Amino acid sequence: MSVKEVPEEYLSGYAEILAEVGRTGRRLTRDEVEGRRALGEQAAESGHGLRALVIRHLAATRVAWPRTTSPESVLAAVEQAIDAFAGGYERAQRLAVRKEEAARREFIDDLLYGRSDPGRLAQRAERFGLRLAHAHAVAVAAGPEPYDDTHPVTRSVEAALLSRFGDRRILLTTKDGRLICVVPADQEEVVRYFAKQAHAATDGGRAAIGRPHPGAGGVVRSYEEALNALDLADRIGLDDPVLHAADLLVFPVLARDREAMADLVHSALGPLQQARGGAQPLLDTLHAYFDAGCVAAQAARTLRLSVRALTYRLERIHRLTGSDPTDPQHRYMLQTAAIGARLLDWPAKEL
């Protein structure tokens, strides 16, 4: 809006104040200051720009400048009036920002926990750049400290996403100290880039990406998958900086029947407890061997052993358990049992 289009109502009483100050040299009264402040609030609520409003006041000052022997008092009154007007304007803006932040936070909570009517949630989502009729994926990043919407890490990741992807329909927020990114399912490159930026900005934190799912309930499901992936990584010691829930589906399936899993671990790996030093060193050998794709040289480097020493350990496992880790027929059972041991924190905890 141009200066000429600023309504006259926001200058109501201004010329009269200047005339009175020109005659008496007095400062503005408390009521006059509050009146200017109230007009500033009204102008902000109506969407007028502060710059145009200030220029309009200065133009009105030039027109209404009174004949006076004390121009300093008039200038002081102008300063006081415009300061009060701007103060009211800024106060209204701060209130509007707080209301917007509260509405956004309420929407985020409803979106991630599925606590609102789907139809109403979809309507509110449009305001924040999401179309819940489409499928979405959620990525979650966690670091060494909690983050909120004003944290420098959050701002850094947000700036990187905006710089790279512009005005795409991306929702970046925080929840429970973690960074959250919600994107349409066809924008996989966005969540990958988010995960990369979050890993760097959080000084080595970890990100997890849930699978895409349709609808408002799909956002909740993808979010929960990402959270579960982070929790699983902590429990079983995965050190990957970026986790994909789709790659970890076997773990919740295995953990679903705890009694059966405990029985498998006890049956397949229990004999390792007879080894000198207990089961843990040999179990670590199995983890390294399977994580290396059953490549002995790579597993040996991971464990800082010679290939000969690693081979000896594998043979020791074969003798104790009756199952050969290098034999494809035995490998699946041993690897499944090793995964179960991680999930159950065995042998640190009794089965």
Side-chain angles (χ1 to χ4, degrees), residues 112 134-143 157 161 170-172 175-176 178-202 204-215 217-258 260-261 264-265 268-269 283-296 298-299 301-303 325 328 331-346:
L112 297 180
H134 301 163
H136 286 80
V138 180
V140 180
V157 174
L161 287 173
I170 303 170
L171 177 63
L172 180 67
K175 183 68 180 169
D176 298 330
R178 305 182 187 93
L179 301 176
I180 313 293
C181 184
V182 184
V183 301
D186 60 355
Q187 296 186 19
E188 186 178 349
E189 71 278 13
V190 176
V191 285
R192 288 201 303 267
Y193 189 73
F194 162 79
K196 177 182 176 182
Q197 293 299 316
H199 174 66
T202 57
R206 177 184 284 141
I209 302 172
R211 293 178 298 164
H213 298 286
V219 173
V220 178
R221 187 176 176 187
S222 185
Y223 172 62
E224 290 178 345
E225 286 181 351
L227 288 180
N228 289 338
L230 289 175
D231 177 64
L232 181 65
D234 289 337
R235 286 167 54 199
I236 67 176
L238 296 178
D239 56 5
D240 305 51
V242 181
L243 306 164
H244 294 266
D247 298 337
L248 304 174
L249 292 177
V250 65
F251 292 98
V253 171
L254 293 175
R256 200 163 293 160
D257 189 338
R258 190 185 188 285
M261 178 55 66
L264 174 63
V265 172
L269 302 178
L283 184 58
D284 290 341
T285 302
L286 284 176
H287 290 321
Y289 184 64
F290 292 136
D291 289 346
C294 299
V295 178
Q298 183 176 337
R301 284 194 298 271
T302 300
L303 295 170
R331 187 180 300 159
Y332 177 75
M333 182 185 67
L334 283 173
Q335 187 166 9
T336 304
I339 292 171
R342 276 178 165 174
L343 291 172
L344 300 176
D345 196 18
W346 183 86

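Both backbone and side-chain heavy atoms feed into the values below; hydrogens, waters and symmetry mates do not. Predicted, not measured: the structure shown is a model, and the values here were computed from it.
Counting heavy atoms from C-beta outward, His136 and Leu171 have side chains that stay 4.5 Å or more apart. The shortest distance between side-chain heavy atoms of Pro241 and Arg206 does not fall below 4.5 Å. Residues Asp345 and Arg235 are not in side-chain contact: their nearest non-hydrogen atoms beyond the backbone lie 4.5 Å or more apart.
Taking every heavy atom of both residues into account, Gly210 and Ala226 meet most closely at N-CB, 3.9 Å. Leu269 and Trp346 get closest at one heavy-atom pair: O-CH2, 3.4 Å. Minimum heavy-atom separation, Ala139 to Ile209: CB-CG1, 4.0 Å. For the pair Val157 and Leu179, the tightest heavy-atom approach, listed with the atom from each and the gap, is CG2-CD1, 4.1 Å. Ala208 approaches Ala229 most closely through the heavy-atom pair CB-CB, 3.8 Å. Here the shortest heavy-atom pairing between Leu243 and Ala233 reads CD1-CB, 3.4 Å.
The salt bridge (Lys or Arg N to Asp or Glu O under 4.0 Å) with Arg342 is formed by just one residue from the set Asp291, Asp284, Asp234; it is Asp291.
Here the straight-line distance linking atom CZ of Arg331 with atom OG1 of Thr336 works out to 12.0 Å at 0.5 Å rounding. To the nearest 0.5 Å, atom NZ of residue Lys196 and atom CD of residue Glu189 are 13.5 Å apart. The distance from atom NE2 of His287 to atom CD of Gln335, rounded to the nearest 0.5 Å, is 10.5 Å. The CG atom of Asn228 lies 11.0 Å from the CG atom of Leu249; values are rounded to the nearest 0.5 Å. The structure places CZ of Phe194 at 7.5 Å from CG of Leu161, a figure rounded to the nearest 0.5 Å. If you take CG on Leu334 and CD1 on Ile339, they are separated by 11.5 Å, rounding to the nearest 0.5 Å.
Under a 3.5 Å cut-off, the side chain of His244 and the backbone N or O of Val242 do not form any donor-acceptor pair.
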Between Leu343 and Leu232, is a side chain to side chain contact (heavy atoms under 4.5 Å, CB included) present by the stated rule, with each step listed?
-> CA-CA 8 Å; Leu343 291 172; Leu232 181 65; 3.3 Å; yes

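Residues that satisfy the side-chain contact (heavy atoms from CB on, under 4.5 Å) test with Arg221, not counting sequence neighbours, are Arg211, His213, Glu225.
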